[in-house]
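Down below is the structure, laid out as structure tokens.
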Amino acid sequence: QVQLVESGGGLVQAGGTLSVSCVASGRTDSIYDMAWFRQAPGKEREFVASITRSGGRTSYADTVQCRFTISRDYAKNTVYLPMNSPKTENTAVYSCAGSSTYYSGTYYGHFPYWGQGTQVTVSS
């Protein structure tokens, strides 16, 4: 089994910085891509960013491109998401996800492993 645990969420002012991270444990050798998704109240879950197992390829939602940066420390089984200049519309529960195949894309259904999520609230 795989366990994913997020941390680092909280309250941040728009234009500030906040970072969330996710630690994987258990059968980490079965994790390939890792990604962040978010879900705001009353909205669909949406893709934020992903990174391949080697860290050599990253993908971002257009809305966070150049402001959020996903990275991965394979030795520590940890993925990071520093958020620069977040906007109030970025307020959501941010969840870490892991896939069991390469290049899983941006659809949440392709990720079988999930953390419990961490709340990020961006104030104006």
Side-chain angles (χ1 to χ4, degrees):
Q1 287 189 340
V2 172
Q3 295 81 40
L4 302 177
V5 179
E6 301 95 337
S7 62
L11 177 65
V12 61
Q13 199 165 19
T17 59
L18 184 71
S19 184
V20 291
S21 60
C22 171
V23 178
S25 61
R27 291 286 306 275
T28 57
D29 58 333
S30 62
I31 302 174
Y32 286 79
D33 292 2
M34 292 194 76
W36 288 94
F37 290 81
R38 66 188 178 193
Q39 188 167 21
K43 294 189 176 181
E44 296 285 323
R45 182 180 296 176
E46 64 175 355
F47 171 80
V48 177
S50 67
I51 188 167
T52 55
R53 187 167 186 160
S54 67
R57 177 172 168 175
T58 57
S59 297
Y60 295 93
D62 290 343
T63 54
V64 305
Q65 186 82 40
C66 299
R67 295 189 298 114
F68 294 9
T69 306
I70 191 170
S71 63
R72 185 172 183 173
D73 186 328
Y74 190 77
K76 295 182 178 180
N77 294 313
T78 302
V79 63
Y80 305 93
L81 186 72
M83 296 181 278
N84 293 317
S85 299
K87 303 176 181 180
T88 55
E89 55 262 40
N90 297 152
T91 294
V93 174
Y94 283 71
S95 297
C96 174
S99 73
S100 54
T101 59
Y102 285 113
Y103 307 130
S104 298
T106 63
Y107 175 53
Y108 64 83
H110 293 162
F111 292 80
Y113 311 123
W114 289 86
Q116 81 288 351
T118 185
Q119 177 70 45
V120 172
T121 302
V122 185
S123 64
S124 59

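Nothing here was measured: the structure is a model prediction, and the numbers come from that model.
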*Could you name each residue pair satisfying disulfide (SG to SG under 2.5 Å) that touches residues 68-124, not counting sequence neighbours?*
Cys22-Cys96

*Check for a donor-acceptor pair, side chain of Ser99 on one end and backbone N or O of Asp33 on the other, with a separation under 3.5 Å.*
yes

_Nearest non-hydrogen partners of Ala14 and Thr88, listed with the distance_ = CB-CG2, 4.5 Å

_Could you go through Val120 and Leu18, starting from their C-alpha distance and side-chain angles, then the distance that decides it, and tell me whether this counts as side-chain contact (heavy atoms from CB on, under 4.5 Å)?_
CA-CA 9 Å; Val120 172; Leu18 184 71; 3.7 Å; yes

*Val93-Val12 co-clustered via ILVMFWY side chain contacts under 4.5 Å*: no

*Kindly determine whether Gln39 and Tyr94 satisfy side-chain contact (heavy atoms from CB on, under 4.5 Å), including the steps that lead there.*
CA-CA 7 Å; Gln39 188 167 21; Tyr94 283 71; over 6 Å; no

*Non-hydrogen atoms of Ala40 and Ala92 that approach each other most closely*: N-CB, 3.8 Å

*Can you tell me how far the OG1 atom of Thr28 sits from the CG atom of Asn77, to the nearest 0.5 Å?*
4.0 Å

_Sequence neighbours excluded, every pair satisfying salt bridge (Lys or Arg N to Asp or Glu O under 4.0 Å) that has a member inside residues 85-102_ = none

_Could you work out, with side-chain hydrogen bond (donor to acceptor under 3.5 Å, both in side chains) as the rule, every residue matching Thr118, not counting sequence neighbours?_
none

*Are the side chain of Thr91 and the backbone of Val122 linked by a donor-acceptor contact shorter than 3.5 Å?*
yes

*Consider only side-chain heavy atoms of I, L, V, M, F, W and Y, link residues closer than 4.5 Å, and tell whether Val23 and Leu4 are in one cluster.*
no

*Which residues, ordered by chain and number, are linked to Phe37 in its hydrophobic cluster, where ILVMFWY side chains connect at heavy-atom gaps below 4.5 Å, directly or through other members?*
Phe47, Tyr107, Tyr108, Phe111, Trp114

*Residue pair Ser30, Ser100: steps toward the side-chain contact (heavy atoms from CB on, under 4.5 Å) verdict*: CA-CA 6 Å; Ser30 62; Ser100 54; 5.8 Å; no

When the side chains of residues 60-76 are checked against the rest of the protein, which donor-acceptor pairs come out under 3.5 Å, sequence neighbours left out?
from  : atom 1 : to    : atom 2 : distance (Å)
Tyr60 : OH     : Ile70 : N      : 2.9
Thr63 : OG1    : Arg38 : NH2    : 3.4
Arg67 : NH1    : Ser85 : O      : 2.7
Arg67 : NH1    : Asn90 : OD1    : 3.4
Arg67 : NH2    : Thr63 : O      : 2.7
Arg72 : NH1    : Tyr32 : O      : 2.5
Arg72 : NH1    : Thr52 : O      : 3.1
Arg72 : NH2    : Tyr32 : O      : 3.0
Asp73 : OD1    : Ala75 : N      : 3.1
Asp73 : OD1    : Lys76 : N      : 3.1
Tyr74 : OH     : Arg53 : NE     : 3.2
Tyr74 : OH     : Arg53 : NH2    : 3.0

*Could you name each residue pair satisfying salt bridge (Lys or Arg N to Asp or Glu O under 4.0 Å) that touches residues 23-32, not counting sequence neighbours?*
Arg27-Asp29

*How would you list all residue pairs meeting side-chain hydrogen bond (donor to acceptor under 3.5 Å, both in side chains) that involve residues 4-26, not counting sequence neighbours?*
Gln3-Ser25, Glu6-Gln116, Ser7-Ser21

*Please collect all ring pair (Phe, Tyr, Trp, His ring centres under 6.0 Å) contacts where either partner lies in residues 3-23, sequence neighbours excluded, each pair once.*
none

